[in-house]
Undergrad: 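Shown below is the structure under consideration.
Counting convention: from 1, in listed order, for ligands and their atoms alike. One is the number of the first residue; the rest follow in order along the sequence.
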Amino acid sequence: MKAEIIAVGSELLTPDRMDTNSLFLTEELNKLGIEVVRKTIVGDDRDLLREAFRDALNRVPLIVSSGGLGPTEDDLTRETVADLLGRKLKPNDAILDAIKARFRSFGREMPDTNVRQSMVPEGAEPLNNPRGTAPGLWIENGEHMIALLPGPPRELEPMFHEEVLPRVARRATGVRMFHRELRVTGLGESLVDSRIQPVYKRYKDVNTTVLASPGEVQVHLRMWTEDAALAKKTFAEIEQGFEIALTDRIFSRDGSTLPEVVASMLTMNNATIAAAESCTGGLLAERLTSIAGSSTYFLGGVVCYSNEMKTAWADVPKELIEAKGAVSAEVAIALAEGIRRRVGSTLGVGITGIAGPGGGSEEKPVGLVHLALASASGVKERAARFPGDREMVRLQASQAALDMVRMHFLYNGVAKRG
Ligand code: ATP
Ligand code: MG
């Protein structure tokens, strides 16, 4: 089944307030196997609101709206939808009494304006609202289902669970949404997409989205079906295709992050790690230690920003820095080897680069980072040039360092498929 969400409220069209109800509703509807195909945000305007509901009714069987059920002149949802469906609004004494009782419980009299909250379109079912004054409304109109819910999230959320969910479930089929997520590093968004397109284009029933963030690309697969076995089989086929297209660039198949994947590899291999970081300023150490239990594999690290500290803390020869420059493959290697020796860890990581925005040159531009990984079997080094601002360069550098560790275990150790 397909659904649309209509978020009502002029404040949602200003920078002050964000429509978060639709995020909640989308997640809940997806769990029921209902696909949200469109979200509309509309101000408190009778004509625009009417148009929004009319158009949605032409497209989908289920509409869930939030907001505009309050007592004031600008709360128009109830009246507009009743009018659109050609249903009269009738006063409902039970609701009116409940609203009056609620006011009395605060020691106040109900203002006359609240009477409109007790009006119910003919044939509609009021939805109980223990957290607020206005009830929601459930309207079945031929093949259509419409749920009008109040705007405040603390009222909308329990009302959805208690009142809307059972009604929708009664009418929904057994279709559920199945989701699979793969994460890729070391390739840009468009390159990932161009490589996997020939695979996912063949599966019309699967919705594929490619999302990029600094240092990684996520590929989400969504499929709506009654058949769990079919979803599993389809995802396995697609994943196999992706594997051929992306080889070892896929690091996660279960939503785990790169630090998590690396942490589990270190643990499984009984390995320890230490880092000597320059341009990342400790970001690698921060990301590795943000995982619970990191003390078993992360022994320590230094942020050696100045040349003197590179020498003092990671034993990088002064002459080497003078000869090759602080940002060089040779210094990255010396950092990795130096910290590994000092700490006595299985692995040592060295990172040195130019995060920018200043400090770049023709020969060594902003974004250039040298990374090295030292182990018992020797040292690996790579240079990369990362795009973006300072934060992005630093994040991508830490990501690349983590990926070097991952590759090390992928080809030299016990590795779990991410
Ligand atoms: P009330 O009786 O409180 O007026 P209402 O159904 O008329 O309820 P609105 O007036 O539209 O709801 O919104 C009330 C408050 O709920 C807003 O000020 C806002 O804080 C919150 N709200 C409304 N819509 C949303 C939304 N889509 N996402 C998150 N919060 C919302
Ligand atoms: Mg209101």
Undergrad: Looking only at non-hydrogen atoms, which of Gly68, Gly9, Pro150 approaches atom 9 (P) of ligand 1 most closely?
TA: Gly68
Undergrad: Would you indicate whether Arg59, at its atom CZ, is surrounded by more than 12 heavy atoms from other residues, nucleotides or ligands within a distance under 6.0 Å?
TA: yes
Undergrad: Between Glu125 and Arg167, is there a salt bridge with N-O shorter than 4.0 Å?
TA: yes
Undergrad: Tell me the nearest of Pro152, Pro153, Gly132 to atom 14 (C) of ligand 1, using heavy-atom distances.
TA: Pro152
Undergrad: Do Glu140 and Trp138 have side chains that approach each other closer than 4.5 Å (heavy atoms only, starting at C-beta)?
TA: yes
Undergrad: If you measure from each heavy atom of Met18 to ligand 1, is any distance below 4.0 Å?
TA: yes
Undergrad: Looking at Lys380, I want to see if its NZ is surrounded by more than 12 non-hydrogen atoms of other residues, nucleotides or ligands under 6.0 Å.
TA: yes
Undergrad: Measure from atom 18 (O) of ligand 1 to every heavy atom in Lys39, Glu155, Arg78, Arg17 and give the option owning the shortest one.
TA: Arg17
Undergrad: Could you label the plane-to-plane angle of the Phe24 and His161 rings as parallel, tilted or perpendicular, counting under 30° as parallel and over 60° as perpendicular?
TA: perpendicular
Undergrad: Is atom CZ of Arg54 surrounded by more than 12 heavy atoms (other residues, nucleotides or ligands) closer than 6.0 Å?
TA: yes
Undergrad: Should the proximity of Asp75 to ligand 1, defined as any heavy atom under 4.0 Å, be assigned to the side chain, the backbone, both, or neither?
TA: side chain
Undergrad: Should the pair Asp403-Arg406 be classified as a salt bridge under the 4.0 Å nitrogen-to-oxygen rule?
TA: yes
Undergrad: What atoms of ligand 1 come closer than 4.0 angstrom to any heavy atom of Ser66?
TA: 27 (N)
Undergrad: With heavy atoms of Gly67 as the reference, note each atom of ligand 1 found under 4.0 Å away.
TA: 6 (O), 11 (O), 12 (O)
Undergrad: Which atoms from ligand 1 have a heavy atom of Glu11 less than 4.0 Å away?
TA: 13 (O), 17 (C), 18 (O), 23 (C)
Undergrad: Which is it for Val8 and ligand 1 at heavy atoms under 4.0 Å: side chain, backbone, both or neither?
TA: backbone
Undergrad: Can you find an N/O atom of Leu12 closer than 3.5 Å to an N/O atom of ligand 1?
TA: no
Undergrad: Mark up the atoms of ligand 1 that fall under 4.0 Å of a heavy atom belonging to Asp19, in ascending order.
TA: 26 (C), 27 (N), 28 (N)
Undergrad: Any Lys/Arg nitrogen of Glu157 or Arg131 sitting under 4.0 Å from an Asp/Glu carboxylate oxygen of the other?
TA: no
